[in-house]
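What follows is a single structure, written as structure tokens, with notes after it.
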Amino acid sequence: MTAIGTTALLASHPAGAGDRLKDDFTFTYQIEVAGADTTDMATDKQLRDSGMKMIPAQPSAKSRDPLKQDASQERKTAAPEKTPADSPKVAPAASEATQNAPANAAQEARPEPESAKKTATAKPETLKTESGKDLLFRPYLRIDTGYTMTNDPDGTGANGQHRVSGTRNTELISLGLGAKVDDQMRAEGMITYRSPMEIDGTNGAGNAIAGEVDSISAMFNLYYDFEQLHQWLGGDTFTPYVGAGVGLSMLDTSFLTTAGGNTEYGAKVYNLTYAAMGGVSARVSEAVSIDVGYRFINLGQYEQDGTFTTGPAGTATKYDDLFAHEFRAGLRFQF
């Protein structure tokens, strides 16, 4: 606000002349305030007390005059707001820091929510080996050997139902290639060869018979590893598992010789095969594990050709489904 000065000019007279002026007429005067608001004038009492002196128009004058307070309040209300150009400039960084100081202090004092901590520290869970390699989709090679215990499927031939029928146990060897497809799931392809199983018994005529049957199976297997049991087992060295498989088996019979000199030629049969597995693996190192397991497998039917070395073709000898209980042990090599 521009400084305001007030000037009052009064004529000076001797004391006696003053009395005569007072008796003869009333002398009026007016104080002009240069550039001042008429609502912000000095009070009458101030003017009387001041005598011949200059009275500045100060805001304190109106504050002591109750009649001027309402007008002053209205003037303040009606005063235009200062524009950003009129406002004193403050350094943005300092102003922002000053304004946000209470909020920043509150944020620092407030404990960080647990959910925020988990979100900040959460990382995708992936299976890693000790060397940092991802276990998922890492292929492995397995080699197994074992023993096959078979049932004795019933057989029928040219002389009817066999009186006695037997299929001997044998050995096996397997080769498989697989990989982890989930945290606890493995997929695997496996080929198993079984050494020739001896066939013996007595046909419907009471004659002894003898032969052999070879078996090769190609299976697709899925395994579930019980890794949640590691806590109970006190470590991750041993991992129990279960599995199931489906595939194709080839059963190939050789000559079936009948006492008395009649021999029947063999035949190849391809059967749909299914299996159920269970076992446990023991980790020796990051790349090698020992696998010990059991498999129940249905290899399907097998038969002879129906042609004979000593005569015309006749009724072929056929056998029911061949089931096997297989006990295996081997090594898994992780790539």
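In this text, all values refer to a predicted model and were calculated from it rather than measured experimentally. Numbering of residues begins at 1 and proceeds along the displayed sequence.
- Side-chain contact between Asp154 and Gln161 is present, with at least one heavy-atom pair separated by less than 4.5 Å.
- Remark: side-chain polar atoms of Thr273 are not paired, donor with acceptor, to backbone N or O of Ser217 under 3.5 angstrom.
- With Thr253 contributing its side chain and Glu303 its backbone, the two residues share a donor-acceptor pair below 3.5 Å.
- Counting only residues at least two apart or on different chains, the ring pair (Phe, Tyr, Trp, His ring centres under 6.0 Å) pairs with a member in residues 265-295 are Phe255-Tyr265, Tyr294-Phe327.
- Checked against Tyr302 for a side chain to side chain contact (heavy atoms under 4.5 Å, CB included), the options Asn271, Leu322, Asp252, Thr317 give a single hit: Leu322.
- Taking OG1 from Thr310 and CG from Asn262, the interatomic distance works out to 3.0 Å, rounded to the nearest 0.5 Å.
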Criterion side chain to side chain contact (heavy atoms under 4.5 Å, CB included) on Lys268 and Met250, from CA distance to verdict: CA-CA 7 Å; Lys268 290 182 181 180; Met250 182 195 74; 4.1 Å; yes
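- Of all heavy-atom pairs spanning Ser215 and Leu299, the tightest one is OG-CD1, 3.8 Å.
- Among residue pairs with one or both ends in residues 197-213, those qualifying as side-chain hydrogen bond (donor to acceptor under 3.5 Å, both in side chains) are Arg168-Asp200; sequence neighbours excluded.
- Taking the six-membered ring for Trp and the full ring otherwise, Phe238 and His230 have centroids separated by 6.0 Å or more.
- Here the closest non-hydrogen pair linking Asp152 and Gly166 is OD1-CA, 3.4 Å.
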Any chance you could lay out the side chain to side chain contact (heavy atoms under 4.5 Å, CB included) test for Thr156 and His162, step after step, and finish with the verdict? CA-CA 5 Å; Thr156 59; His162 291 181; 5.6 Å; no
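- When all heavy atoms are compared, the tightest approach of Thr148 to Thr150 is CG2-CG2, 3.7 Å.
- Under the salt bridge (charged side-chain N to carboxylate O under 4.0 Å, His left out) criterion, Asp320 pairs with no residue, sequence neighbours left out.
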Using the ring pair (Phe, Tyr, Trp, His ring centres under 6.0 Å) rule, take Phe333 and Phe335 through it: C-alpha gap first, then chi angles, then the decisive distance, then the call. CA-CA 6 Å; Phe333 301 94; Phe335 299 131; 8.3 Å; no
Give the C-alpha distance, both sets of side-chain angles, the deciding distance and a yes or no for side-chain hydrogen bond (donor to acceptor under 3.5 Å, both in side chains) between Thr192 and Arg295. CA-CA 12 Å; Thr192 302; Arg295 176 167 73 173; 3.1 Å; yes
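- Residues meeting the salt bridge (charged side-chain N to carboxylate O under 4.0 Å, His left out) test with Arg142, sequence neighbours left out: Asp144, Glu188, Asp291.
- Between the side chain of Thr237 and the backbone N or O of Arg283 there is no donor-acceptor pair closer than 3.5 Å.
- Distance alone, capped at 3.5 Å, places no donor-acceptor pair between the Ser289 side chain and the Ser281 backbone.
- Considering all non-hydrogen atoms of both residues, Tyr223 and Tyr241 come closest at CD2-CD1, 3.6 Å.
- In the displayed structure, Met149 atom CE is contacted under 6.0 Å by at most 12 heavy atoms of other residues, nucleotides or ligands.
- Under a cut-off of 6.0 angstrom, the local environment of OH in Tyr147 is crowded, with over 12 non-hydrogen atoms contributed by other residues, nucleotides or ligands.
- Evaluation of the ring pair (Phe, Tyr, Trp, His ring centres under 6.0 Å) test over residues 172-209, restricted to residues two or more places apart or in two chains, returns none.
- Between the side chain of Asp182 and the backbone N or O of Gln184, no donor-acceptor pair lies under 3.5 Å.
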Evaluate side chain to side chain contact (heavy atoms under 4.5 Å, CB included) for Phe296 paired with Glu326, printing each intermediate quantity in order. CA-CA 6 Å; Phe296 171 81; Glu326 299 180 340; over 6 Å; no
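- Residues Ile143 and Ile290 fall into different hydrophobic clusters, defined by Ile, Leu, Val, Met, Phe, Trp and Tyr side chains chained together at heavy-atom separations under 4.5 Å.
- Pro196 is not listed as a side-chain neighbour of Thr170, based on a closest heavy-atom distance of 4.5 Å or more.
- With a 4.5 Å cut-off on side-chain heavy atoms, Arg138 and Gln334 count as touching.
- Taking hydrophobic clusters as Ile, Leu, Val, Met, Phe, Trp and Tyr residues chained together by side-chain heavy-atom distances below 4.5 Å, Trp232 shares a cluster with Val242.
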Side chain to side chain contact (heavy atoms under 4.5 Å, CB included), that's the test. Do Met219 and Leu248 meet it? Break it down for me. CA-CA 7 Å; Met219 304 288 292; Leu248 194 67; over 6 Å; no
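- With 3.5 Å as the limit, one finds no donor-acceptor pair spanning the side chains of Arg186 and Tyr224.
- Leu229 approaches Pro240 most closely through the heavy-atom pair CD1-CG, 3.9 Å.
- Taking all atoms of both residues into account, the shortest heavy-atom contact from Gln304 to Ala316 is O-CB, 3.6 Å.
- More than 12 heavy atoms of other residues, nucleotides or ligands lie within 6.0 Å of CD in Gln228, so this atom counts as buried by the packing criterion.
- Scored by the salt bridge (charged side-chain N to carboxylate O under 4.0 Å, His left out) test, Asp214 finds no partners at all (sequence neighbours excluded).
- For Leu331, the CG atom is densely surrounded, since the number of other residues' heavy atoms within 6.0 Å is greater than 12.
- A donor-acceptor pair is defined here as one N or O able to donate and one able to accept, closer than 3.5 Å; no such pair exists between the side chain of Thr258 and the backbone of Ile209.
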